[in-house]
2 protein chains.
Amino acid sequence: MSERSRPRREEDLTARARIRHAALELFAERGVAGTPMRAVAARVGVTVGLIVHHFGTKEALREAVEVDIVDRFADAILTAPADGSGAEVAAARDRAVAAMLAQSPAVVDYLRRAVLDPHGERGDLVSKLSALTADQVGDLRRRGLASARSTIGEQVLTIMIRQLGQVFLQPLADRIVDEFGAGPDATSPRIVVRLEGRREVSSADD
Amino acid sequence: MSERSRPRREEDLTARARIRHAALELFAERGVAGTPMRAVAARVGVTVGLIVHHFGTKEALREAVEVDIVDRFADAILTAPADGSGAEVAAARDRAVAAMLAQSPAVVDYLRRAVLDPHGERGDLVSKLSALTADQVGDLRRRGLASARSTIGEQVLTIMIRQLGQVFLQPLADRIVDEFGAGPDATSPRIVVRLEGRREVSSADD
DNA sequence: CAACTTACTGTACGCATGTACAGTCGTTCT
DNA sequence: AGAACGACTGTACATGCGTACAGTAAGTTG
């Protein structure tokens, strides 16, 4: 995936790529339903017709945006050094993904929306990212770098919840901190998400 | 708030209340932008005109839904016993709110969307809930049941993040578990959200 | 009884939206 | 040169949207 190199300057990109980028930003900001194709076109400085020409439908544009996001995850993982112990490799990948997310807030914002919008059955973003993460875990296992004590599903769950959980909740924390007259010393604390009590049969409540 | 008692049977409610309830459910399910007023009307079995008659605009309907949600929080807190130590009172309120949330998934779903949709400046849901929580904390303090070691803002943040964080992230966890052929023994683990490193100056990354 | 209010319906209107499509311009290929 | 093609524009259209509004039926008040 992602055979093309990523040009640094937005103006150097093809119109197709610029449209996809603008769509990602606007979808992240206002949601897919809340973003008219005309808004995307205006942002890029092209006509709606061109978007249709390149992507066909709005749904296809959304799909392209999601594929692009998965590519960014895959790219980030590729940049991380793949040598050392299992823990080292995993940590390096963790850091690479975190850096990518920190650098492109639009991805985080889009993800947050996509996660809670069930939308389509299969083939949506959560499925794609789960598959990508499962590939990573499988890779580490094959090289004897990841324990096989728990199932792949459990490991994928742990990785994704830890990484995405923090990123999803941070804006809520920032909002609340902001709510109480954010002085110069008011910095949001770091949010830590943990999984516990695995395989507990959690009845209604306890 | 919430001077009216809550009838048990939906059909006994006034049309105004039934419209508000249906709007909450649909807004939670598909988002406000993704829910036409016609859909709300159809769900209740009335005409769009009646919704306009009662609420004026869609925005006002949304506002009514949000006020209703805040009322539910306030109601839940009122049902909790207010005696015992500070920790006991706080725990009882925690449980009451958690029970309310568990009983009405639509509230959770709506909240999740509202939190990440910045929408309006002030007066939106996060602000309202922050204010409500701050009232609670202030109340406990006045009765000498809450420590004044940290600021109110910090305490509100801790309470809200802990309660909402778990609830927000659970569906993501469920989705992922579901992704990996959910066997009968596949139960989502419990998600724990924690705050750490308060007031650390978090630069770009570390 | 008449005037008024309130809950409600049905229609209609203007606007925004996604998509289809005909056409223009520039490049490439033969 | 000319045909073919891809990028791109502008218009046009059906649909769906929020809202305005006239009207009806029922209950209340004078």
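- Between A:P36 and A:G56, the residue anchored nearer the 5' end of DNA chain C, judged by the nucleotide with its closest heavy atom, is A:P36.
- A straight line from CZ of A:F55 to C1' of C:dG18 spans 16 Å, rounded to a whole angstrom.
- Among the nucleotides D:dT9, D:dT19, C:dA7, the one closest to the side chain of A:L50 is D:dT9.
- Taking only side-chain atoms of A:K58, from C-beta outward, the nucleotide of D:dC8, D:dG18, C:dG18 with the closest atom is C:dG18.
- A salt bridge does not link A:D135 to A:R142: none of the charged nitrogens lies less than 4.0 Å from a carboxylate oxygen.
- Here the nucleotide nearest the side chain of B:A15, chosen from D:dT19, C:dT19, C:dC8, is C:dC8.
- Classification of B:R113 and B:D109 as a salt-bridged pair fails, no side-chain N sitting under 4.0 Å from a carboxylate O.
- Considering only the side chain of A:M37, C:dG18 comes nearest among D:dC17, D:dT9, C:dG18.
- In this structure, CG of A:L61 is placed 15 Å from C1' of C:dT17, rounded to the nearest angstrom.
- The distance between atom CD1 of A:I51 and atom P of C:dC21, rounded to the nearest whole Å, is 19 Å.
- One atom, CZ of A:R30, and another, P of C:dT17, lie 11 Å apart when rounded to the nearest Å.
- Figure legend: cation-pi geometry between B:R16 and B:F55, with NZ or CZ positioned under 6.0 Å from the six-membered ring centre and within 45° of its axis.
- Closest to the B:T47 side chain, of the nucleotides D:dT19, D:dT9, C:dT9, is C:dT9.
- Judged by atom type and distance alone, B:R38 reaches the base of D:dG18 through a side-chain donor-acceptor pair under 3.5 Å.
- Comment: A:D71 does not engage A:K128 in a salt bridge, judged by the lack of any side-chain N to carboxylate O separation of less than 4.0 angstrom.
- At the phosphate of C:dC8, neither OP1 nor OP2 sits under 4.0 Å from any side-chain N or O atom of B:H53.
- Under a 3.5 Å cut-off, the side chain of A:K58 and the backbone N or O of A:P36 do not form any donor-acceptor pair.
- A sub-4.0 Å separation between OP1 or OP2 of C:dC8 and a side-chain N or O of B:H54 is present.
- Within 4.0 Å (heavy atoms only), A:V46 reaches sugar-phosphate atoms of the nucleic acid but no base atom.
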